[in-house]
Amino acid sequence: MLTLYNYLTRQKEEFHPLKGKKVGLYTCGPTVYNFAHIGNLRTYIFEDVLRRTLEHAGYEVKHIMNLTDVEDKLIRDAQKAGQNIFDFVKPYEQSFFEDIDKLNIQPAEKYPKATEHIPEMIALIQNLLDKGLAYKSNGSVYFHISKFKDYGRLSGIDKSGLKAGARVDADEYNKEDVQDFVLWKAKKEGEPFWPAPFGEGRPGWHIECSAMSMKYLGSTLDIHAGGIDLLFPHHENEIAQSEGATGLPFVKYFVEGEHLLVDGQKMSKSLGNFYTLRDIEKKGYSPLAFRYLILTSHYRSSLNFTWESLAGAESALEKIFDFIRGLLEQKTTGDKDMGPYKKDFTENISADLDTAGAIAIVWKIISDYRADSQAMNSREILKLLYDFDEILGLGLKNIKVDKAPQKIKDLAEERERLRNEKEWNEADKIRKEIEELGWDVKDTSEGPELKKR
Ligand code: AMP
Ligand code: ZN
């Protein structure tokens, strides 16, 4: 039984979808005005684990993730770059898809773009105007939050101190600024705009997620996920817009992931601690080591990223890969029951996605095997680890034992002979030659081992 922490009730709940085994999952996607930073990627990894856990449990998941391609900051930066928004976002969209691919994040069923759903947003805004939940002012349209009695239910904000008629035009704002928020922004010189019955302009940020999630998943979604910064105002506003328009519950489970911090601080360009997956790769770390690092903490705890922790994750993951290579090479035929490991893994991951607990089971298998390998069956272990990896997504099935070609083996033998004769310089020359041919020699107590670089 899967349990998830639901922000609507502020407690862990058993997960039961609305319709049988089908799950509608909506996750707020990137604003494509920059390369995704590693905090964004943490959130996408947690959402991927959520999706994989659901699928592993036999649910059929329809996952929709939007791409925000019209928004305040994006328009500002496109203007600075002297480009229209459509050309401006292209490289960032492309890099987003490259990043998630490198991180083994399974693709969503659809990535709808805001600019391709303007008619749906207009219809939703018109519906809110017709119901008296929205009003026009100076060519813009605002949501009337005091007319929606449940406003604040998700974030717990207090709307009693609201100033009548106070409005906020920015897409992003804080709890201190709880006010009527903008659904449609009146046309401004130099900004993209679309025609609408209530005047030319462009959508606010919040309306896009209500319009696109309901278009693809229906009026009530099983799960809506995102990073914790979206709880207020974004998700609060989505509830108001959607429930205001349909009169139906918008979301059954709101699942939000905590932030990634860097050196204990919020990531920001001005602090110089703003990293992307490219930065990680440039420093010689693999994207999957980053994924492993993220999995070692619970998604609802904030995680402090340091380069040391990434280096630790890289070497831990390499040990797991080595363990897999070992299993592929040495067949053991013990009959130890693997059922308890599977049960423990499933219990951990089903308890609100405790990935750290789940990974600990992988290490338990490794240490038990090291203690008594003959008691266990190497094929059974592999089968189980591949099964766990359907959720962890560390690419364990791609790990192969690379058999060194004869030429490399001959060189290694020659090097060994020279070492035995204490011809260290000559032996080193051969090591370099082997390395240039793409192999590493590791000297172990059982003799030299060859590993593909
Ligand atoms: P954005 O591109 O800003 O719309 O954000 C995309 C996703 O990343 C959203 O789900 C955010 O909540 C999430 N996010 C933003 N900053 C962080 C962070 N430092 N750590 C984790 N998730 C974040
Ligand atoms: Zn959203």
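Whatever order the structure lists them in is the order used to number ligands and atoms, beginning at 1. Position 1 is the first residue of the sequence; numbering continues from there. Quick note: numbers below take in every heavy atom, side chains included, and nothing from hydrogens, waters or symmetry partners.
Between the side chains of Asn66 and Glu208, at least one donor N or O sits under 3.5 Å from an acceptor N or O.
The protein non-hydrogen atom at the shortest distance from atom 6 (C) of ligand 1 is Tyr44 OH, 3.2 Å. In this structure, atom 22 (N) of ligand 1 lies nearest to the protein heavy atom Thr43 OG1, 2.6 Å. Looking only at heavy atoms of the protein, atom 16 (N) of ligand 1 is closest to His37 CE1, 3.5 Å. Closest protein heavy atom to atom 19 (N) of ligand 1: Leu260 O, 3.2 Å. Scanning the protein for heavy atoms near atom 4 (O) of ligand 1, the closest one is Thr31 OG1, 3.2 Å. Taking atom 10 (O) of ligand 1 as the reference point, the nearest protein heavy-atom neighbour is Gly227 N, 3.0 Å. In terms of protein heavy atoms, atom 21 (C) of ligand 1 is closest to Gly39 O, 2.9 Å.
For Phe345 and His56, the distance between ring centers is not under 6.0 angstrom. Under the 6.0 Å cut-off for aromatic ring centres, Phe181 and Tyr142 do not qualify, their centroids lying 6.0 Å or more apart.
No side-chain donor-acceptor contact under 3.5 Å links Arg453 to the backbone of Asp440. When atom types are taken as modelled, the side chain of Ser210 and the backbone of Ile207 share no donor-acceptor pair closer than 3.5 angstrom. A donor-acceptor distance shorter than 3.5 angstrom exists from the side chain of Arg52 to the backbone of Glu390, with no hydrogens or angles considered. One N or O on the side chain of Arg10 and one on the backbone of Leu154 form a donor-acceptor pair closer than 3.5 Å. Looking only at distances, no side-chain donor or acceptor of Gln83 sits under 3.5 Å from a matching main-chain atom of Ala78. Asp72 places no side-chain N or O within donor-acceptor distance of the main-chain N or O of Ala170, the cut-off being under 3.5 Å. When atom types are taken as modelled, the side chain of Glu60 and the backbone of Lys22 share no donor-acceptor pair closer than 3.5 angstrom.
Atom numbering of ligand 1 starts at 1 in the shown order; those under 4.0 Å from a heavy atom of Pro30 are 2 (O).
Between Leu230 and ligand 1, not a single N/O pair is under 3.5 Å apart. For Arg42, no nitrogen or oxygen atom sits less than 3.5 Å from a nitrogen or oxygen atom of ligand 1, counting backbone and side chain alike. In terms of polar-atom proximity, Gly226 is not counted as a contact of ligand 1, lacking any N or O under 3.5 Å from an N or O of the ligand. For ligand 1, the polar-atom distance check finds an N/O of Asn40 within less than 3.5 Å of one of the ligand's N/O atoms.
Of the residues Phe323, Trp363, Tyr341, the one that meets the ring pair (Phe, Tyr, Trp, His ring centres under 6.0 Å) test with Tyr369 is Phe323.
Metal site remark for the Zn ion (ligand 2): His206 contributes no N, O or S atom at a distance under 2.8 Å. Distances from the Zn ion (ligand 2) show that His235 has no N/O/S atom below 2.8 Å.
Not a single heavy atom of Lys266 sits under 4.0 Å from any atom of ligand 1. Ligand 1 does not have Gly257 within reach: every non-hydrogen atom of the residue lies 4.0 Å or more from it.
Vertex the Zn ion (ligand 2), arms ending at SG of Cys28 and NE2 of His234: the angle is 120° after rounding to 10 degrees.
Under 4.0 angstrom from ligand 1, the non-hydrogen atoms of Asp229 all belong to its side chain.
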